[in-house]
Amino acid sequence: MSSLLSYKGYNGTVEYSKEDSCLFGKVVGIKSLLSYEGSYVKELEQNFQNVIDEYLEECKKQNVEPEQPYKGTFNVRISPELHRNIAIYAMEHGKSLNAAVEEAIGNMVG
């Protein structure tokens with residue numbers, strides 16, 4: 001079982017450990033390891049929010065910019081044929097390759 005929690009622009013997983021009889025998760029989309037757990041859903045949600053608040057407060061104390069999830073850039077590996085096809089599509093439509101890929105992703109999940 002897997003789901004996502006959201007708080008202040010950060011997302012975290014929800015997973016269940018049968019062995020430990022607890023819920024647990026980690027913040028995704030950043031390099032820092034922020035994890036949390038709980039015996040029940042409300043406790044897990046509260047601990048998720050607490051770990052985000054603590055992370056942001058610690059960054060503030062250390063005068064460090066907190067990591068922002070999903071900055072809008074990522075590397076994708078695709079087949080050479082698909083790369084060629086999207087590049088041709090972009091040229092034919094007067095778009096950059098980035099704009100064409102953004103359009104395709106937007107059509108898929110937007």
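Counting from 1, the numbers follow the sequence of the chain as shown. Owing to the predicted nature of the structure, the values given are computational and were not obtained by experimental measurement.
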Task: Residue of the set V28, I30, V27, N11 for which side chain to side chain contact (heavy atoms under 4.5 Å, CB included) holds with P69 - done: I30
Task: Other ILVMFWY residues reachable from L33 by side-chain steps of under 4.5 Å - done: none
TODO: Give a yes or no on this: more than 12 heavy atoms of other residues, nucleotides or ligands lie within 6.0 Å of atom CD of E57.
DONE: yes
TODO: Grab the two heavy atoms, one from L44 and one from G38, that are nearest each other, plus how far apart they are.
DONE: CD1-N, 3.9 Å
Open item on the list: Y36: which residues meet the ring pair (Phe, Tyr, Trp, His ring centres under 6.0 Å) condition with it, sequence neighbours left out?
Closed with: F48
Open item on the list: Just so I know, are the side chains of V64 and E58 near enough to count as touching, which here means a heavy-atom distance under 4.5 Å?
Closed with: no
Open item on the list: Within the supplied structure, the quantity of interest is the number of heavy atoms (other residues, nucleotides, ligands) at a distance under 6.0 Å from E67 CD; does it exceed 12?
Closed with: yes
Run the side-chain donor-acceptor check on residues 103-110: report pairs under 3.5 Å with partners two or more places apart or on a different chain.
from : atom 1 : to   : atom 2 : distance (Å)
E103 : OE1    : K95  : NZ     : 2.0
E103 : OE2    : Y89  : OH     : 2.8
N107 : ND2    : E103 : O      : 3.3

Task: Check: Q46/N50 side-chain N/O donor and acceptor closer than 3.5 Å - done: yes
Open item on the list: So, taking the atom named CD in E54 and the one named CG in N47, what distance separates them when rounded to the nearest 0.5 Å?
Closed with: 8.5 Å
Open item on the list: Hydrophobic cluster membership, with links at side-chain heavy-atom distances under 4.5 Å among I/L/V/M/F/W/Y: are Y16 and Y40 in one?
Closed with: no
- [ ] Verify the cluster assignment for F74 and L82: are they in a single hydrophobic cluster under the rule of side-chain heavy atoms below 4.5 Å apart?
- [x] yes
Task: Y7 side, atom OH; I52 side, atom CD1 - distance, nearest 0.5 Å - done: 8.5 Å
Open item on the list: Measuring from atom CD of E19 to atom OG of S21, what distance do you get when rounded to the nearest 0.5 angstrom?
Closed with: 8.5 Å
TODO: Decide yes or no for D53 and K8: does some side-chain heavy atom of the first lie under 4.5 Å from some side-chain heavy atom of the second?
DONE: yes
Task: H93 side, atom NE2; S96 side, atom OG - distance, nearest 0.5 Å - done: 13.5 Å
Open item on the list: Is it the case that the side chain of T13 and the backbone of K26 share a donor-acceptor pair, with hydrogens and angles ignored and the cut-off at 3.5 Å?
Closed with: yes
- [ ] Determine whether L97 and I78 fall in the same hydrophobic cluster, where Ile, Leu, Val, Met, Phe, Trp and Tyr are linked whenever their side-chain heavy atoms lie under 4.5 Å apart.
- [x] yes
Open item on the list: With heavy-atom distances below 4.5 Å as the criterion, would you say the side chains of S35 and F24 are in contact?
Closed with: no
